Trainee: 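The structure follows.
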Amino acid sequence: MNKPTYQLTKHSVGSLREIWAISWPLILSLFSFSLMLFTDRLLLSRYSITDLNSAAAAGTALYMFIVLPLSIAAISEVFVGRYHGEDRHHELGKPVWQMVWFSLMLAPLFLLFGFVFPSLLFYDSPNIEKETTFFFTLIVFAPLFFVNVAIAGFFIGSGRVMTVTICSVLANLLNIVLDYAMIYGYGPIPSLGIFGAALATGFSETFQVIFLICIFLKKSYRERYGTNKLSFNLKILKESLRIGFPAGLGITVELFSHFIFFRIMAYAGQENLTIAAMIQSLIFLVFFLYEGLSKGVTTVCANLLGGKQVALVKKVLRSALSLQTLFFVIVATVYLTFSDQIIDLFLNQQDEKILVTPAFITSIKWGCLWCVLFFLFDGYTRVIAGLLTAAGDTKFLLYAGTILNIAAYVLPLLLIVFYAGGGADDAWMIIFCYSVTIFLVYYWRYRSERWMTSSRLLDERSN
């Protein structure tokens with residue numbers, strides 16, 4: 001007997017095994033991305049602490065600009081998943097192409113951003129020249145980032161996640177090689193520092209787009225899934241924007257809060273900025289665990305909701321939250337046991353002589369503690385957000401995220417740093433408290449079942 005279309009693996013629907021089977025290739029894919037970011041930061045820190053701090057600040061600013069279109073383009077995954085769950089296989093290519101066209105139309109706008117915004121974003125920064133270089137170089141490649149996630153949505157939403165994993169791993173291996181050669185110089189390639197790190201990332205992203213689109217357009221996919229249906233479809237585009245825009249705008253608000261965080265740390269002094277950048281780099285190294293899990297939840301739930309199997313959603317969340325708890329135990333054990341060795345990774349001998357004091361060590365160890373606790377609750381939040389995204393309940397994500405970022409993150413951060421004289425470790429304590437608050441609000445939304453109204457509306461609009 002054939003399995004139903006909403007069942008993506010051979011395992012029981014919603015079971016821990018199914019969630020793991022769907023999530024682990026995505027986790028591995030995102031791990032390679034995390035490794036790319038971590039490698040960038042690590043190589044730059046060994047090259048120059050100034051380059052590390054500049055990449056951290058400029059990278060946060062860049063992501064603040066690209067996260068909205070990234071989130072919109074990634075909505076192709078939700079529509080592909082729901083179409084797949086409804087057994088509308090011949091239509092899977094349509095939402096993907098709408099997001100590809102959307103991504104390419106943004107190219108002139110983002111080129112303009114690269115010229116206009118650096119002087120505003122990095123005004124009065126001691127590292128403005130390096131921050132501008134990093135920001136401008138990567139924003140030129142930004143439309144390719146959007147195309148990449150749009151096409152990846154086809155493979156993820158239909159359960160073919162291994163393709164995305166293989167592509168990402170290859171691209172990030174390429175990035176590591178290019179990073180080393182372009183940051184430090186190798187053979188005929190001069191030492192380019194932070195500019196080389198940005199170029200390496202852009203070239204690696206270009207490789208991913210070429211790899212995925214070649215597979216997406218192969219004959220068997222064109223015939224079965226309509227991946228050659230590249231005509232412009234205004235109805236699907238409008239619906240994708242309706243769902244994707246609030247989700248992306250909510251994440252943009254969160255990123256803007258992180259950008260403010262780095263600006264506050266810059267005013268708090270170079271030592272606090274360095275601690276903040278190092279701890280954020282640790283989050284980058286492990287966020288792939290819960291981000292891959294969240295995308296796995298979105299994929300499974302989108303298929304279940306498309307197949308009208310709402311009752312199985314609770315089982316999916318229970319399995320995903322159990323996995324996140326296991327991830328937390330592993331991460332906490334490693335980070336808290338090897339904190340001294342982790343600190344040494346980021347500092348060259350010259351910077352170590354200047355920065356490493358008893359107060360610096362104490363501050364960064366407290367920061368690591370808040371960091372791992374943040375990892376636990378932020379992961380729980382992302383799991384529930386995966387369901388809400390699959391249900392199309394993205395306006396709630398926007399409204400709740402905006403209010404909580406202001407009330408539970410930015411305002412307490414300003415108070416504790418400027419008025420109480422707190423440092424980077426105190427700031428990370430605020431971020432942890434924020435993660436607990438937003439998790440409780442998202443969990444309330446799930447238990448209220450109000451997201452089911454958004455899911456029914458999405459069904460009506462997509463038929």
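This chain uses plain numbering: 1 for the first residue, then up along the sequence. Because the structure is predicted, anything quoted here is derived from the model rather than measured.
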Trainee: Between F439 and Y442, is the ring centroid distance below 6.0 Å?
Mentor: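 Ring-ring flag for F439/Y442: false, centres at least 6.0 Å apart.
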
Trainee: How far does CH2 of W20 sit from CG of L326, to the nearest 0.5 angstrom?
Mentor: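 So the gap between those two atoms works out to 8.5 Å.
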
Trainee: Could you tell me if the side chain of W366 sits less than 4.5 Å from the side chain of D426, heavy atoms only?
Mentor: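 No, their side chains stay 4.5 Å or more apart.
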
Trainee: Can you label the angle between the Y225 ring and the Y221 ring as parallel, tilted or perpendicular, going by 30° and 60°?
Mentor: perpendicular

Trainee: Please identify which of these residues, T402, V410, I403, meets the side chain to side chain contact (heavy atoms under 4.5 Å, CB included) condition with I406.
Mentor: T402

Trainee: For the residue pair F117 and L120, establish whether any side-chain heavy-atom pair is separated by less than 4.5 Å.
Mentor: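 Yes, at least one pair of side-chain atoms sits under 4.5 Å.
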
Trainee: Can you tell if the side chain of Q208 reaches within under 4.5 Å of the side chain of S168, non-hydrogen atoms only?
Mentor: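 Yes - at least one pair of side-chain heavy atoms lies under 4.5 Å apart.
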
Trainee: Check whether any side-chain heavy atom of L398 sits under 4.5 Å from a side-chain heavy atom of T394, and report yes or no.
Mentor: no

Trainee: Both conditions, 6.0 Å and 45 degrees, for the charged tip of R382 above the ring of Y290: are they met here?
Mentor: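 R382 over Y290 ring: no.
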
Trainee: Are L293 and F327 close enough that some pair of their side-chain heavy atoms sits under 4.5 Å apart?
Mentor: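 They are in contact (side-chain heavy atoms under 4.5 Å apart), so the answer is yes.
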
Trainee: Taking the six-membered ring for Trp, are F374 and W428 parallel (under 30°), tilted (30 to 60°) or perpendicular (over 60°)?
Mentor: perpendicular

Trainee: Going by heavy atoms in the side chains, are F79 and M99 under 4.5 Å from each other?
Mentor: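 F79 does not reach M99 side chain to side chain.
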
Trainee: Taking the six-membered ring for Trp, are Y184 and Y180 ring centroids under 6.0 Å apart?
Mentor: yes

Trainee: Is there side-chain contact between E205 and N148, with at least one heavy-atom pair below 4.5 Å?
Mentor: yes

Trainee: Y380 vs F377 aromatic rings, parallel, tilted or perpendicular, using cut-offs 30° and 60°?
Mentor: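 Rings of Y380 and F377: perpendicular, as their planes differ by over 60°.
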
Trainee: Indicate the ring-plane relationship of F216 and F155, choosing parallel, tilted or perpendicular according to the 30° and 60° boundaries.
Mentor: perpendicular

Trainee: For the backbone of S435 and the side chain of D378, can you confirm whether one donor and one acceptor N or O come within less than 3.5 Å of each other?
Mentor: no

Trainee: Heavy atoms only: give me the nearest C167-F207 pair and the separation to one decimal.
Mentor: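 That would be O-CE2, 4.1 Å.
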
Trainee: In Å, rounded to the nearest 0.5 Å, how long is the span from CD of E239 to CG of L234?
Mentor: 11.5 Å

